[in-house]
Protein chains: 2
Amino acid sequence: MGRGKIEIKRIENANNRVVTFSKRRNGLVKKAKEITVLCDAKVALIIFASNGKMTDYCCPSMDLGAMLDQYQKLSGKKLWDTKHENLNNEIDRIKKENDSLQLELRHLKGEDIQSLNLKNLMAVEHAIEHGLDKARDHQMEFLMTKRRNVRENVGGGESATQFPAATTRDGYS
Amino acid sequence: MGRGKIEIKRIENANNRVVTFSKRRNGLVKKAKEITVLCDAKVALIIFASNGKMTDYCCPSMDLGAMLDQYQKLSGKKLWDTKHENLNNEIDRIKKENDSLQLELRHLKGEDIQSLNLKNLMAVEHAIEHGLDKARDHQMEFLMTKRRNVRENVGGGESATQFPAATTRDGYS
DNA sequence: TTATCTATGTATAAAAC
DNA sequence: TGTTTTATACATAGATA
């Protein structure tokens, strides 16, 4: 074309290639706009230069998302379902983790323990005992702090008399 | 062009419009292919005729999905995120639920309880006590059953002393 | 880059099949 | 519809700024 016909193959001269790209890209977008107007067509066009820079055109009458929905319907090709699948898998994974946490939690609260065998049951018991110890230790710390505060305070100590419930049971252990 | 210049506005004659569409669509796709080859460009092109029929072209070096990923990155526009948003919200919701379960679990095990106030600490304690009661009740049942079985067995008790096998699920420590 | 300048090669409007 | 024909209008390669 122009000052000489060219073969349709990669333009080796980098400068020519870039210049030609720029011209033809403009031409392509222009043509896309024209067919849109002239023929009531819907056109979406995305162009990446070899340097990564992007140019795009989408007809005003339909947005790209709608175009792509239609594309998927008509072509049968999936564009984002693989992405959906990954998210769904993630959801499944977390839900399972969630379920097992819920179960463990119920066990520690003494619920659903009929499904446990003796060994697991004893493990649960020990976990609970350990937790109880720590909770009581902590309560005690709370109270000690409170009492010390009361002593250092001016007024009366009625709040300081409030001791933890701490009913100690002895099971068989 | 051709036998007469035309204005770039909708071609009112339906027949002309369709014929022109067909010609220009072919021209557009041809140009898209050419720039792809000549300039190392990546091009995606989707065209819908007013009758709904679709024509598309995508450069061989990148599939449409990848093109669109790149499009989203570079343009900042969301194509399918509304669809994804729901799934992502679901994931967030479950993750939060998960976190709160984990925290509750740690509390019941006596961990991280320094962050609790006295009232919550006592609530935890009561939950633990309740769980412990139930666990011990259940253990007791186990043993009673076992003892009864031993009594009812004919031979020597050595097989009867064998405690449940305990195929173990872990996590109670 | 982008714009302008030309000579050429292409695309295509209109018509007819 | 799709193709061919043909006259014109456009696009653009290469050079230059």
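Below, read A as the first sequence line, B as the second, and so on, with proteins coming before strands; counting in each chain starts at 1.
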Whole angstroms only, please: what is the [atom1]-[atom2] distance between [X] and [N]?
X: B/Ile6; N: C/dA11; atom1: CD1; atom2: C1'; value: 11 Å
X: A/Glu7; N: C/dT10; atom1: CD; atom2: C1'; value: 17 Å
X: A/Leu38; N: C/dA14; atom1: CG; atom2: P; value: 10 Å
X: B/Leu28; N: C/dT12; atom1: CG; atom2: C1'; value: 13 Å
X: B/Lys30; N: C/dG9; atom1: NZ; atom2: P; value: 14 Å
X: B/Asn13; N: C/dA13; atom1: CG; atom2: P; value: 13 Å
X: B/Lys31; N: C/dT10; atom1: NZ; atom2: P; value: 9 Å
X: B/Arg17; N: C/dT12; atom1: CZ; atom2: P; value: 18 Å

For [X], enumerate each residue passing the salt bridge (Lys or Arg N to Asp or Glu O under 4.0 Å) test, keeping only those at least two apart in sequence or located in another chain.
X: A/Asp112; result: A/Arg106
X: A/Lys77; result: none
X: B/Glu85; result: none
X: B/Arg147; result: none

Judged by nearest nucleotide, the residue sitting upstream toward the 5' end of DNA chain C, A/Asn15 or B/Asn16, is A/Asn15
Please tabulate, for the side chains in residues 47-61 of chain B, all donor-acceptor contacts under 3.5 angstrom to protein atoms that are two or more places apart in sequence or on a different chain.
| residue | atom | partner | partner atom | Å |
| --- | --- | --- | --- | --- |
| B/Asn51 | OD1 | B/Lys53 | N | 2.8 |
| B/Tyr57 | OH | B/Thr36 | OG1 | 3.3 |

Excluding sequence neighbours, so at least two apart, what forms side-chain contact (heavy atoms from CB on, under 4.5 Å) with B/Ala66? B/Met62, B/Asp63
Residues in side-chain contact (heavy atoms from CB on, under 4.5 Å) contact with B/Asp92, at least two apart in sequence or another chain: none
Kindly state which residues belonging to residues 19-27 of chain B come within less than 4.0 angstrom of DNA chain C, counting heavy atoms of the residue only, listed by number. B/Thr20, B/Lys23, B/Arg24, B/Gly27
Just N and O in the side chain of B/Lys5: are any of them under 4.0 Å from OP1 or OP2 of C/dA13? no
salt_bridge(A/Arg148, A/Glu152) N-O dist < 4.0 Å: no
Of C/dT1, D/dA13, C/dT10, the nucleotide closest to the side chain of A/Asn51 is C/dT1
Considering only side-chain heavy atoms of B/Val18, which listed nucleotide, D/dA11, D/dT1, C/dT1, is closest? D/dT1
Heavy atoms under 4.0 Å, any strand shown: does A/Lys53 hit a base, just sugar-phosphate, or nothing? sugar-phosphate
How does DNA chain C look in dot-bracket notation if pairs are Watson-Crick or G-U with both distances under 3.5 Å, crossing ones as [ ], other-strand ones as |? .||||||||||||||||
Sole candidate of A/Lys23, A/Lys9, A/Arg24 that passes salt bridge (Lys or Arg N to Asp or Glu O under 4.0 Å) when paired with B/Glu34: A/Arg24
Any donor-acceptor pair under 3.5 Å between the side chain of B/Arg3 and the base of D/dT8? no
